[in-house]
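Here is the structure we will look at.
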Amino acid sequence: MKEKQRYRAVFFDLDGTLCNTLADLTASLNYALRTFDHPTYSEEAVRTFIGNGLSKLIERALPDADEPHRKAVLTIVNAHYKRHCADRTLPYPGIPEALAVLRARGYRLAVLTNKPHEAAAKILETLFLPGTFDWIAGHRDGMPHKPDPKLLFMAAEALKLAPESIVYVGDSDVDVRFSENAGTGMIGCAWGFRGRQHLLDSGAPIVIDRPEELTEKLQ
């Protein structure tokens with residue numbers, strides 16, 4: 001990554017990047033599926049459904065269901081997840097320390113995620129110190145999901161940042177495309193839900209294996 005000094009901010013994905021949310025997402029999905037007598041899924045299966053928001057997760061879990069039924073399932077998933085999104089979710093080892101270093105160096109920090117905004121805010125407020133992030137934005141009705149860059153442009157404008165002064169950190173092809181569409185730098189994190197090869201195949205320009213490497217790349 002060239003011209004490192006031009007970067008003023010680090011924006012993060014949430015699921016599979018800052019936090020391992022897999023257990024709580026799986027629990028909420030399976031709660032809703034059991035409500036309708038559908039088969040449930042293992043965490044490893046749900047891992048492959050994550051990345052494009054809860055609506056897409058339901059679509060992947062119920063590929064043969066019609067849209068009204070998926071919406072009914074989504075309503076239950078949303079309600080359950082709002083209550084239980086932080087039950088077993090934890091930051092990945094090394095993430096709090098890396099955020100503290102970046103903060104001390106003067107980087108602006110933000111989280112942009114396809115997760116519903118209320119759940120994202122609850123997780124981050126529960127697991128991280130107040131003031132860690134300058135901006136938190138999850139999905140709200142009427143907003144496009146990543147990889148549409150609108151969410152990033154809104155955050156950049158609010159923080160008075162040019163997109164090219166931002167590095168986006170994520171774990172999936174969605175995050176790579178999001179960064180490309182927004183014109184930011186990009187770092188893929190191999191500890192997430194997709195792994196190193198997926199990120200390389202998706203075109204991530206840099207892939208790191210440990211959160212400590214993030215502070216090294218941006219030093």
Side-chain angles (χ1 to χ4, degrees), residues 12-96 98-99 111-130 132-133 136-141 143 145-147 151 169-175 178 188-196 198-199 211:
F12 295 88
D13 174 48
L14 177 51
D15 299 276
T17 299
L18 291 176
C19 297
N20 186 345
T21 57
L22 185 58
D24 288 329
L25 283 167
T26 302
S28 291
L29 172 64
N30 284 340
Y31 175 85
L33 293 175
R34 285 192 296 270
T35 300
F36 291 96
D37 294 322
H38 290 300
T40 57
Y41 287 93
S42 68
E43 289 186 10
E44 286 309 303
V46 174
R47 179 190 298 272
T48 67
F49 300 160
I50 297 169
N52 300 85
L54 287 182
S55 294
K56 182 61 72 171
L57 186 150
I58 302 302
E59 180 181 327
R60 290 165 176 159
L62 296 172
D64 298 323
D66 59 29
E67 188 61 22
H69 184 63
R70 287 177 184 161
K71 286 183 177 179
V73 174
L74 177 60
T75 296
I76 293 177
V77 171
N78 265 322
H80 188 274
Y81 193 61
K82 284 178 184 178
R83 295 193 302 272
H84 299 285
C85 62
D87 286 4
R88 290 185 286 170
T89 289
L90 291 171
Y92 286 100
I95 284 291
L99 294 176
V111 180
L112 307 181
T113 173
N114 280 335
K115 183 185 293 298
H117 180 79
E118 185 176 340
K122 179 178 178 180
I123 289 169
L124 296 170
E125 289 166 4
T126 300
L127 299 180
F128 295 95
L129 293 173
T132 297
F133 301 104
I136 295 169
H139 183 259
R140 290 186 169 98
D141 290 343
M143 282 291 296
H145 287 91
K146 297 184 303 181
L151 196 62
V169 182
D171 72 312
S172 74
D173 60 308
V174 174
D175 299 318
F178 182 57
C189 56
W191 60 80
F193 294 157
R194 296 291 189 268
R196 168 175 281 275
H198 169 91
L199 286 161

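Below, all heavy atoms of this structure are taken into account, side chains as well, without hydrogens, waters or symmetry copies. Everything quoted here is computed from the prediction, not taken from an experiment.
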Between Asp13 and Val174, does the side chain to side chain contact (heavy atoms under 4.5 Å, CB included) criterion hold? Intermediate values first, please. CA-CA 10 Å; Asp13 174 48; Val174 174; over 6 Å; no
For a side chain to side chain contact (heavy atoms under 4.5 Å, CB included) check, start with the C-alpha distance between Cys85 and Thr21, then their side-chain angles and the critical distance, and finish with the verdict. CA-CA 8 Å; Cys85 62; Thr21 57; over 6 Å; no
For Leu129 and Leu99: C-alpha separation, side-chain torsions, deciding distance, then whether side chain to side chain contact (heavy atoms under 4.5 Å, CB included) applies. CA-CA 10 Å; Leu129 293 173; Leu99 294 176; over 6 Å; no
Run the side chain to side chain contact (heavy atoms under 4.5 Å, CB included) test on Lys82 and Lys122 for me, step by step, so that the C-alpha distance in whole Å, both residues' side-chain angles and the decisive distance to 0.1 Å come before the verdict. CA-CA 8 Å; Lys82 284 178 184 178; Lys122 179 178 178 180; over 6 Å; no
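Between Asn114 and Lys56 there is no side-chain heavy-atom pair separated by less than 4.5 Å. Between Asn52 and His145 the shortest side-chain heavy-atom distance does not fall below 4.5 Å. Residues Leu18 and Leu124 are in side-chain contact: their nearest non-hydrogen atoms beyond the backbone lie under 4.5 Å apart. A heavy-atom distance below 4.5 Å is found between the side chains of Phe128 and Cys19.
The 12-atom threshold is not exceeded at CD of Glu118, counting heavy atoms of other residues, nucleotides or ligands nearer than 6.0 Å.
Of the N and O atoms on the side chains of Ser172 and Asp175, at least one donor lies less than 3.5 Å from an acceptor on the other residue.
Aromatic ring orientation, His38 versus His69: perpendicular (interplanar angle above 60°, classes split at 30° and 60°).
Without hydrogens or angle criteria, Asn30 side chain to Tyr41 main chain gives a donor-acceptor distance under 3.5 Å.
A ring-centre distance under 6.0 Å is not found for Tyr31 and His84.
Here the closest heavy-atom approach between residue Ala27 and residue Arg88 is recorded as CB-NH2, 3.8 Å.
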